Amino acid sequence: STPIVVAIDGPAGSGKSSVSKAAARKLGFAYLDTGAAYRAVAWHVLNTATDPADEQAVIDSLEDFGYVISTNPDEYFVRVNEEDITEAIREPRITDVVSKVAKIPVVRQYLSDLFRHIMATTDKPGIIAEGRDITTVVAPDAPARILLTASEEARMARRSAELPQQSQDQTASALRARDAADSRVSDFMTAADGVVTVDSTDFSYEQTIDAVVEVIRSRT
Ligand code: C5P
């Protein structure tokens with residue numbers, strides 16, 4: 001039967017990835033980190049010495065983008081052309097250029113088609129896909145759609161905890177710049193029609209997972 005699709009969007013530092021992964025585990029669902037796919041394109045672009053600002057060169061680089069992502073929340077990995085880049089895509093050098101490749105329409109179309117294919121073919125009863133435009137563009141008809149938000153202060157604090165090697169100012173300005181660039185491409189700060197907002201500002205990690213699972217259960 002057709003898998004149940006759950007769409008979750010939100011800004012950087014909202015806890016989307018870890019919360020979506022944990023919710024998928026609780027429900028026995030697959031998990032799709034779409035941001036990881038955009039990061040993998042950015043990694044591939046840098047790895048092939050392609051100029052991220054040269055749109056045509058980035059598009060051409062997709063020809064040998066041998067991309068494999070795990071949708072198993074218990075055994076998560078990302079590979080490009082056999083290389084494991086699960087950790088590498090989290091490096092600031094990737095985070096700093098990812099918005100540039102993500103704003104290219106051909107890249108978005110290419111990855112969105114791939115996401116829809118992954119969603120339709122999972123062998124689990126459902127799949128949680130998480131990103132910036134899943135509730136609006138990739139899976140607007142999903143039965144459960146959630147916008148996961150948190151105050152800017154809370155998001156900065158969480159991101160700083162993840163990147164202790166960076167100064168708080170660096171982390172804050174990088175996060176603001178990325179949100180500003182990304183919001184020119186998709187509006188992930190306001191809930192579209194029918195999308196349920198979960199604000200995690202005053203929630204613990206566990207409470208956020210419970211709130212998300214509750215919304216999914218009530219809608220599916
Ligand atoms: O979610 P994460 O922060 O890993 O996403 C990395 C980048 O991928 C975002 O900053 C954005 O540029 C891009 N992205 C996107 N659309 C999505 C998911 C991520 O443009 N659905």
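Everything numeric in this text was worked out from a predicted model, so none of it was measured. One-based numbering, in listed order, for ligands and for the atoms of each.
Of the polar atoms of Asp33, none of the N or O atoms is found under 3.5 Å from an N or O of ligand 1, judged by distance alone. Between Ser17 and ligand 1, no N or O atom pair is found at a separation short of 3.5 Å.
Looking at Gly35, Gly131, Ser99, Ala36, it is Gly35 that brings a heavy atom closest to atom 19 (C) of ligand 1. With distances taken over non-hydrogen atoms, the option nearest atom 4 (O) of ligand 1 out of Arg159, Arg108, Arg39 is Arg39.
By the 6.0 Å and 45° rule, Arg108 does not stack over the aromatic ring of Tyr110.
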Quiz prompt | Chi angles and distances behind the salt bridge (charged side-chain N to carboxylate O under 4.0 Å, His left out) call for Glu162, Arg159 | solution = CA-CA 5 Å; Glu162 281 171 14; Arg159 209 19 79 91; 2.8 Å; yes
Exercise. Using the side-chain contact (heavy atoms from CB on, under 4.5 Å) rule, take Ile146 and Thr135 through it: C-alpha gap first, then chi angles, then the decisive distance, then the call.
Key: CA-CA 7 Å; Ile146 297 168; Thr135 62; 5.9 Å; no
Quiz prompt | Residue pair Leu32, Thr34: steps toward the side-chain contact (heavy atoms from CB on, under 4.5 Å) verdict | solution = CA-CA 6 Å; Leu32 177 61; Thr34 67; 4.1 Å; yes
Self-check item: Stepwise salt bridge (charged side-chain N to carboxylate O under 4.0 Å, His left out) test for Asp33 and Arg132
Solution: CA-CA 10 Å; Asp33 178 352; Arg132 301 287 189 291; over 6 Å; no
Quiz prompt | Pair Asp96-Arg93, salt bridge (charged side-chain N to carboxylate O under 4.0 Å, His left out): steps then yes or no | solution = CA-CA 5 Å; Asp96 288 347; Arg93 68 183 185 101; over 6 Å; no
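Of all atoms in ligand 1, numbered sequentially from 1 with element shown, those under 4.0 Å from a heavy atom of Lys16 are 1 (O). Distances below 4.0 Å separate heavy atoms of Thr34 from the following atoms of ligand 1: 17 (C), 18 (C), 21 (N). Taking a cut-off of under 4.0 Å to the non-hydrogen atoms of Ala102, the atoms of ligand 1 that pass are 12 (O), 13 (C), 20 (O). Close approach to Val98 involves these atoms of ligand 1, each under 4.0 Å from a residue heavy atom: 7 (C), 8 (O), 10 (O).
Residue contacts with ligand 1, taken as heavy atom pairs separated by less than 4.0 Å, involve Arg132 via backbone and side-chain atoms alike. When non-hydrogen atoms are compared, ligand 1 lies under 4.0 Å from the side chain of Arg90 (C-beta onward) but not from its backbone. Contacts between Asp182 and ligand 1, counted as non-hydrogen atom pairs separated by less than 4.0 Å, involve the side chain only.
Within a 6.0 Å sphere centred on CD of Gln56, other residues, nucleotides and ligands contribute more than 12 heavy atoms.
Atom 14 (N) of ligand 1 has its closest protein heavy atom at Tyr38 CD1, 3.5 Å. Among protein heavy atoms, atom 3 (O) of ligand 1 sits closest to Arg178 NH1, 2.8 Å.
The existence of a salt bridge linking Arg176 and Asp179 is excluded, since no basic side-chain nitrogen approaches an acidic carboxylate oxygen closer than 4.0 Å.
Here the CD1-CG distance, from Ile69 to Leu114, works out to 8.5 Å after rounding to the nearest 0.5 Å.
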